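Predicted model only: the values in this text are computed from it and were never measured. No hydrogens, no waters, no symmetry mates; every other heavy atom, side chains included, goes into these values. Per chain, numbering begins at 1; letters A, B, ... match sequence-line order.
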Number of protein chains: 2
Amino acid sequence: MSVSSKCYYAMRAVYALAEHNSPEPLKISQIAEREMIPIRFLEVILNQLKGGGFVRSKRGAEGGYFLAMPAEELTVGAVMRFVDGPIAMVDCVSQSRHKECEFHGECHFFGFWCRVRQAMSDVVDKTTFADLMRESQERKKGYVGDWSI
Amino acid sequence: MSVSSKCYYAMRAVYALAEHNSPEPLKISQIAEREMIPIRFLEVILNQLKGGGFVRSKRGAEGGYFLAMPAEELTVGAVMRFVDGPIAMVDCVSQSRHKECEFHGECHFFGFWCRVRQAMSDVVDKTTFADLMRESQERKKGYVGDWSI
DNA sequence: CATTTTTCGACTATGTTGGTCAAGATGAGT
DNA sequence: ACTCATCTTGACCAACATAGTCGAAAAATG
């Protein structure tokens, strides 16, 4: 059930770009250092994210990466889905890769899988990178969010 | 993010045993046929489930498997965790395999991961196999559960 | 004893993960 | 025009996980 390293690296890279938020691009090497990501692997990942339209790049000296859209409009779920594939645990309840299983309509677990999918989607598709940044700010100020039980 | 075939097979096998609910055991071959599971693979899976205390077995002619506990007391999450490991997407928020990450207390994603974990746990750890059976009954009678949107 | 059924460990083929590496293209400054 | 920093691209690789299969043994029933 776990998220791949690659996906978590991608999320952290996007977070770093969201936090940077400046007209000058952020270099791969800087992202790698800040977020503790193997630099050679990060090259691959950022290139993939670029292909997905999540980030833009500038080549050459003084080049680097920017976020391709405002952090308020980019959900964590979008990045996760792009890198790791569907969020759903089984294809029959996935929106992005829907495929009926062999128990057409007779499946004992269909309702269960739907509820799991909905619960996950309710979190990942409603959390933007701007939300994460705000959370981090509040945590620094000593505020404890409502997720803590 | 998906569940392994093995895990889904295990869940279906347990469901079949829960549904059988009789003093006579259910044979591997019968479970395999009903739930469309490769029989040789199912042998391995049931043996593993037995090791986890989920099912009991009787050997020899007229042997087979029973559920080791009432279906009302067995949650789907327990089986999933046993077969596929922690439900949580990252170890730092997993109860069963907790391990701090390298960003001790400075992690931008900690709150996020917690919310995801809680959302998933709220479904899988609160759904028992008895619940699934009841759902299936109601679906047969044309009743549409509250999971359907 | 013969048959049915579980039990157990070894085996294997294929795919995924988590990277690394080398060479090239591009752009900014001198 | 040259140089240097930086992104770009595709190939490559080792280790591990997945999804099973197989054969032989042990136990219970009749």
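The other residues sharing a hydrophobic cluster with Phe103(A) are Met36(B), where clustering joins ILVMFWY side chains under 4.5 Å apart.
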Atom pairs under 3.5 Å, N or O on each side, protein against nucleotides 7-14 of chain C: can you list them with distances?
from	atom 1	to	atom 2	distance (Å)
dT7(C)	OP1	Lys50(B)	NZ	2.6
dT7(C)	OP1	Ser57(B)	OG	2.4
dT7(C)	OP2	Tyr65(B)	OH	2.2
dC8(C)	OP2	Asn47(B)	OD1	3.3

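Considering only residues two or more places apart in sequence or on other chains, Arg40(B) meets the salt bridge (Lys or Arg N to Asp or Glu O under 4.0 Å) condition with Glu43(B). For the salt bridge (Lys or Arg N to Asp or Glu O under 4.0 Å) test, residues two or more places apart in sequence or in another chain that qualify with Lys126(A) are Asp122(A). Every residue two or more places apart in sequence or in another chain was checked for a side chain to side chain donor-acceptor pair (under 3.5 Å) with Glu73(A), and none qualifies.
Regarding contacts with the backbone of dT17(C), every side-chain N or O of Lys6(A) stays at 4.0 angstrom or more from both OP1 and OP2.
For the pair Glu135(A) and Arg115(B), the salt-bridge criterion is met [side-chain N within less than 4.0 Å of a carboxylate O]. A salt bridge does not link Lys58(A) to Glu24(A): none of the charged side-chain nitrogens sits closer than 4.0 Å to a carboxylate oxygen. Salt bridge status for Asp125(A) with Arg81(A): present, with a side-chain N to carboxylate O gap under 4.0 Å.
Rounded to whole Å, the distance from OH on Tyr9(A) to C1' on dT20(C) is 13 Å. Between the CD atom of Gln48(B) and the P atom of dT6(C) there is a distance of 17 Å, rounded to whole Å. As rounded to whole Å, 15 Å separates atom P of dT16(C) from atom CE of Met1(B). Rounded to an integer number of Å, the gap from Leu49(B) CG to dT6(C) P is 14 Å.
In this structure, Glu62(A) and Ile39(A) both approach DNA chain C, and ranking their closest nucleotides by distance from the 5' end singles out Ile39(A).
Chain A approaches DNA chain D over the interval dA5(D) to dT9(D), counting the first and last nucleotide 5' to 3' with an atom under 4.0 Å from its heavy atoms.
Of the candidates Leu42(A), Ile45(A), Ile37(A), Ile28(A) forms a side-chain contact (heavy atoms from CB on, under 4.5 Å) with just one, namely Leu42(A).
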